[in-house]
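Residue numbering restarts at 1 for every chain, and letters A, B, ... go by the order of the sequence lines.
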There are 2 protein chains.
Amino acid sequence: MAKDTKARIQTAALELIARQGVQRTSLRQIADQLGITKPALYYHFASRDDLVRSLLQPLLDECETMIIELERSGGDDPRRVLEECFDLLYRHRNVINSLVRDPTTLSELDLGNRLINWRLRVIAMVAGPRPSLAARVRAVVAVGGLADCTVLFDDHPVEKVRPAALEAALATLDRPEPVRRPARRRAPTSPRSSSRSR
Amino acid sequence: MAKDTKARIQTAALELIARQGVQRTSLRQIADQLGITKPALYYHFASRDDLVRSLLQPLLDECETMIIELERSGGDDPRRVLEECFDLLYRHRNVINSLVRDPTTLSELDLGNRLINWRLRVIAMVAGPRPSLAARVRAVVAVGGLADCTVLFDDHPVEKVRPAALEAALATLDRPEPVRRPARRRAPTSPRSSSRSR
DNA sequence: GTCTATAATACGATAGAC
DNA sequence: GTCTATCGTATTATAGAC
């Protein structure tokens, strides 16, 4: 036990942040959880922001390399793009839920912009070249829905969720041209549009 | 101009929160924006939390009534469920992006649990009775992807996004039984599974 | 209904001893 | 590498005048 204190700090911080959000987690709480004092944290991290950033760094690095690699070699294979995305999102689902979905974190630096940029690049790959609006919408649904699956089925084994999620996302994409949908199961004599719109 | 000061406070608060998150927005900032002082806010709201809650209340109320109404009358019509969801999410997209996605807000009271509960009820309606895991996954993708569309296409007219999003979500659901997918467009001789898994 | 003034508390961060 | 002690600054909230 010598230098891994840094790692223990990160673990404790992530745990607290997962429960109460970034802003609500103070250096005092983190120090207390470890049984050390606040100034001790400053030996390992230059500032609070430095600590938070260190939690995000692995995710950011892997996103960057994954997307660049996909764009270089596999951007024309939606299944492979979705597979890689699912695996990365699943691997980092803790950090994503605790930190990335927090608007406070997003607004600092250009993290929000970088994430939006990556997302759009993934969507662009999945939507294919010169996509119509409908195709882009399908890509958004596929990618966004896939992301939700990495987080909403925590009680299910990932080996079962993963293929199901990929099939569902790919099914969303498989609409080469707009057609009138055939009547769907169980749809009674309901009015075509009953929404009160907006 | 007499009693609508309360509404003006809410508007200013929402605007600031949209830009910097809930936790980063202080009563001082809100007061400054309106040209009044901090204690004046306490005449209209009992506390800071009271103000934040008042911003969420309309969304919460409408969610509750919408879901109850759907479960009573339209739970077996996925299209109608998705239509109502899209319209509600789109109508409240500002509050949703500013407040609801903030972990800090979610952890207070049982807001997070209520939202998860509603989401699961919507997913259950969309997935149909006694759904398989695959069917539930498709429902998650459909609902989650639909939600993303209300937020990601801000620069497009909603009259175009709405039908496209609904079609995409419904397409996701339309997989009555698991079949081997036919080969998809543009998939070259890529290896079937290249993911480094997790 | 809004003000001035202030209390009570928590925060991030630093200085300096050990 | 961790401590005690503390600085400066923010915050929410209240008391009481007008």
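Taking atom CG on A:Asp32 and atom C1' on C:dA10, their separation rounds to 13 Å, with Å as the unit. Atom-to-atom, CD of B:Gln23 to C1' of C:dA10 comes out at 13 Å; the value is rounded to the nearest Å. Between B:His44 atom NE2 and D:dA13 atom C1' the separation is 16 Å, expressed in whole Å. Computed from coordinates, the A:Arg24 CZ to C:dC11 P distance equals 11 Å when rounded to whole Å. Remark: C1' of D:dT2 and CD1 of A:Ile9 are 11 Å apart, rounded to the nearest angstrom. Rounded to whole Å, atom C1' of C:dC3 lies 13 Å from atom CG of B:Leu41. Note: CG (B:Leu51) to P (D:dT12) measures 10 Å, nearest angstrom. One atom, NZ of A:Lys6, and another, C1' of D:dT2, lie 16 Å apart when rounded to the nearest Å.
B:Arg114 contributes atom CZ, which lies 5.0 Å from atom CG of B:Leu60 (distance to the nearest 0.5 angstrom). Note that CE of A:Met125 is 10.5 Å distant from CG of A:Asp76, once rounded to the nearest 0.5 Å.
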B:Ser47/B:Asp49 under side-chain hydrogen bond (donor to acceptor under 3.5 Å, both in side chains): CA gap, chis, key distance, verdict: CA-CA 5 Å; B:Ser47 69; B:Asp49 270 13; 5.7 Å; no
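In this structure, A:Glu83 does not pair ionically with A:Arg80, as no charged nitrogen and carboxylate oxygen lie closer than 4.0 Å. Ion pairing between a basic and an acidic side chain is recognised when a charged N comes within 4.0 Å of a carboxylate O; A:Arg162 and A:Asp87 show such pairing. Of the charged side-chain nitrogens involved, at least one lies within less than 4.0 Å of a carboxylate oxygen, so that A:Asp32 and A:Arg28 count as a salt-bridged pair.
Phosphate proximity of D:dT2 to A:Thr37: absent, as no side-chain N or O sits under 4.0 Å from OP1 or OP2. Contact annotation: A:Tyr43 side-chain N/O to D:dT2 OP1/OP2 distance is not under 4.0 Å.
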Nucleotide-resolved protein contact map, nucleotides 12-18 of chain C, B/S/- at heavy-atom distance under 4.0 Å: BBB----
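With A:Arg93 contributing its side chain and A:Tyr90 its backbone, the two residues share a donor-acceptor pair below 3.5 Å.
Taking the six-membered ring where the residue is Trp, A:His156 and A:Phe153 present perpendicular rings, their angle passing 60° and hence far from 30°.
Within residues 98-107 of chain A, no residue approaches DNA chain D, by heavy-atom distance under 4.0 Å.
Under a hydrophobic clustering in which Ile, Leu, Val, Met, Phe, Trp and Tyr are joined whenever their side-chain heavy atoms come within less than 4.5 Å, directly or via other members, A:Leu55 and A:Val22 fall into the same cluster.
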